[in-house]
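Reckoned from all heavy atoms, side chains included, excluding hydrogens, waters and symmetry mates. Counting starts at 1 for both ligands and their atoms, in listed order.
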Amino acid sequence: MKTKIFMMKEDNIDYGKIDEAACAIREGGLVVFPTETVYGLGANALDALSVKKIYKAKGRPSDNPLIVHIKSRDDLPSLVTKIPKGANKLMEKFWPGPLTLIFKKSDAIPKETSGGLDTIAIRFPSNKIAQAIIERAGVPIAAPSANTSGKVSGTTLKMCIDDLNGKVDYIIGEDDSKSGLESTIVDCTVSPYLILRPGIITLEDIRAVINDVYLDKSILLNDKVVKPKAPGMKYKHYSPKAEIRIISGDRDKAVEYICRKASELILENKKIGIMCIDETYDLYRKFPYVVSLGKLKDELKIASNLFKTLHYFDMQEVDIILSESFDETNIGLAIMNRLKKSSGYNIINLR
Ligand code: TXA
Ligand code: MG
């Protein structure tokens, strides 16, 4: 398949091109588009045949449900059977934005979209290009992250092209995703509500709106021990080609360990990538592939650089990535959730 690539910025939308891509969605095609979290690989959420193409393009298991993207809260009532009070409060506060809510689905949603479940995940993105495509398509758009299954989610136009060129009709975008991690998912069909996937909107943020909400147990524990409630969270995820080792515990000790280990591995002819923070970057100056994700306190920056950096190491054909670790509080919980999954829980604890 020939993929058309449209470059545009959020503050300078080319509506002629948006209309062309939106028309492709209506006709059953696939369009990769930017959102504020990660790029999405979209199709008409109401059409089973269109949605099946998403699973095929990604190589995604068909029991892994998709998130339906809408352009306003007005689109919601026809897609769900019930909107609980707490969900209304969350939408009021966080929509449009990086929060996905799970509802009981209406008959308008085909079972292909919901992965056979009777619930459906819905999100109203804040990215203006995403909003324009949904608006012009005139249908809600089902969109998983734009990456082949198991790989790192696409957060830049280049990542999407590297991974999906030839597999979709259109790829649209230019800027990097702002948050760089997928949306926070809250299941509003259970009582109390459960966070199934942590994101930029944190447990603390959500508790400030509705206090009775908890984390799915698999987020805090190793998900090889507790099965996650979101079907997609059980699959191997966010995996670069390289082996990742996370060095946790005291940061000074971690730096010392990483330097020693990297030197040893280089002697064994391994190509080593090091993932660190601005504050420790200089300590690794003798190594060739070192990327700082940002300042320790700048969690948003660290989050937005994570997948991009894993992709960079893939492009450099690094064998092993040695990564510093982060506290699992606030956005750090989401950062470590993705990092731990990409490493397959390969954690070296120096405490
Ligand atoms: O930020 C995001 O959410 C991005 C952008 C494109 O919007 N999308 C995204 O989609 O991350 P995806 O398909 O990569 O991840 C969706 C996750 C999967 O783990 C899936 O199993 C879970 O949401 N999910 C979807 N519907 C669900 C449902 N009804 N019940 C439980 N989990 C659900
Ligand atoms: Mg994904």
Please report whether ligand 1 has a polar contact with [X], defined as an N or O pair separated by less than 3.5 Å (distance criterion only).
| X | result |
| --- | --- |
| T35 | no |
| K58 | no |
| Y39 | no |

Approximate separation, where rounding is to 0.5 Å, of [X] [atom1] and [Y] [atom2]:
| X | Y | atom1 | atom2 | result |
| --- | --- | --- | --- | --- |
| Y281 | I274 | OH | CD1 | 10.5 Å |
| I321 | T309 | CD1 | OG1 | 9.0 Å |
| I210 | K85 | CD1 | NZ | 13.0 Å |

* Taking heavy atoms and a distance under 4.0 Å, where does A143 meet ligand 1: side chain, backbone, both or neither? -> backbone

* ligand 1-proximal atoms of T119, by part, heavy-atom distance under 4.0 Å -> both

* Side chains of I122 and W95: does their closest heavy-atom pair fall under 4.5 Å? -> yes

Could you name the option among [options] that has the heavy atom nearest to [atom]?
| atom | options | value |
| --- | --- | --- |
| atom 13 (O) of ligand 1 | R60, E182, K104 | R60 |
| atom 25 (C) of ligand 1 | S153, G115, P65 | P65 |
| atom 17 (C) of ligand 1 | D187, I185, V68, I109 | I185 |

Give the numbers and elements of all ligand 1 atoms closer than 4.0 Å to a heavy atom of [X].
| X | value |
| --- | --- |
| N64 | 18 (C), 20 (C), 21 (O) |
| H69 | 5 (C), 6 (C), 7 (O) |
| R123 | 1 (O), 2 (C), 3 (O), 5 (C), 7 (O) |
| I67 | 3 (O), 8 (N), 9 (C), 10 (O), 16 (C) |
| G40 | 6 (C) |
| L117 | 28 (C), 29 (N), 30 (N) |
| S183 | 1 (O), 2 (C), 3 (O) |
| T37 | 1 (O), 2 (C), 4 (C), 5 (C) |

[atom] - nearest protein heavy atom and its distance:
| atom | answer |
| --- | --- |
| atom 28 (C) of ligand 1 | I102 CD1, 3.6 Å |
| atom 4 (C) of ligand 1 | V38 CG2, 3.7 Å |
| atom 15 (O) of ligand 1 | R197 NH1, 3.1 Å |
| atom 9 (C) of ligand 1 | S145 N, 3.6 Å |
| atom 19 (O) of ligand 1 | G232 CA, 3.2 Å |

Is the shortest distance from a Lys or Arg side-chain nitrogen in [X] or [Y] to a carboxylate oxygen in the other one below 4.0 Å?
| X | Y | value |
| --- | --- | --- |
| E328 | K340 | yes |
| D319 | K270 | no |
| E299 | K301 | no |
| E264 | K261 | yes |
| R123 | E36 | yes |
| D118 | K105 | no |

* Sphere of radius 2.8 Å around the Mg ion (ligand 2) - protein N, O or S atoms inside ->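 Per the 2.8 Å query on the Mg ion (ligand 2), atoms found are S145 OG.
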
* To do: Verify the cluster assignment for V80 and V190: are they in a single hydrophobic cluster under the rule of side-chain heavy atoms below 4.5 Å apart?
  => no

* Asked: Looking only at side chains, do E20 and Y170 share a donor and an acceptor under 3.5 Å apart?
  ->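 Checked: E20/Y170 side chains pair up, N/O donor to acceptor below 3.5 Å.
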
* Any donor-acceptor N or O pair under 3.5 Å, side chains N88, R73 -> yes

* Asked: Listed by chain and number, what are the side-chain hydrogen bond (donor to acceptor under 3.5 Å, both in side chains) partners of D250, not counting sequence neighbours?
  -> none

* **salt bridge (Lys or Arg N to Asp or Glu O under 4.0 Å) against K53, all qualifying residues, sequence neighbours excluded** =>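 Partners of K53 by the salt bridge (Lys or Arg N to Asp or Glu O under 4.0 Å) criterion come out as none, since no residue qualifies.
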
* Go through the structure and list residues passing side chain to side chain contact (heavy atoms under 4.5 Å, CB included) with E174, not counting sequence neighbours. =>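 In terms of side chain to side chain contact (heavy atoms under 4.5 Å, CB included), with neighbours along the sequence ignored, E174 is linked to M7, K9.
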
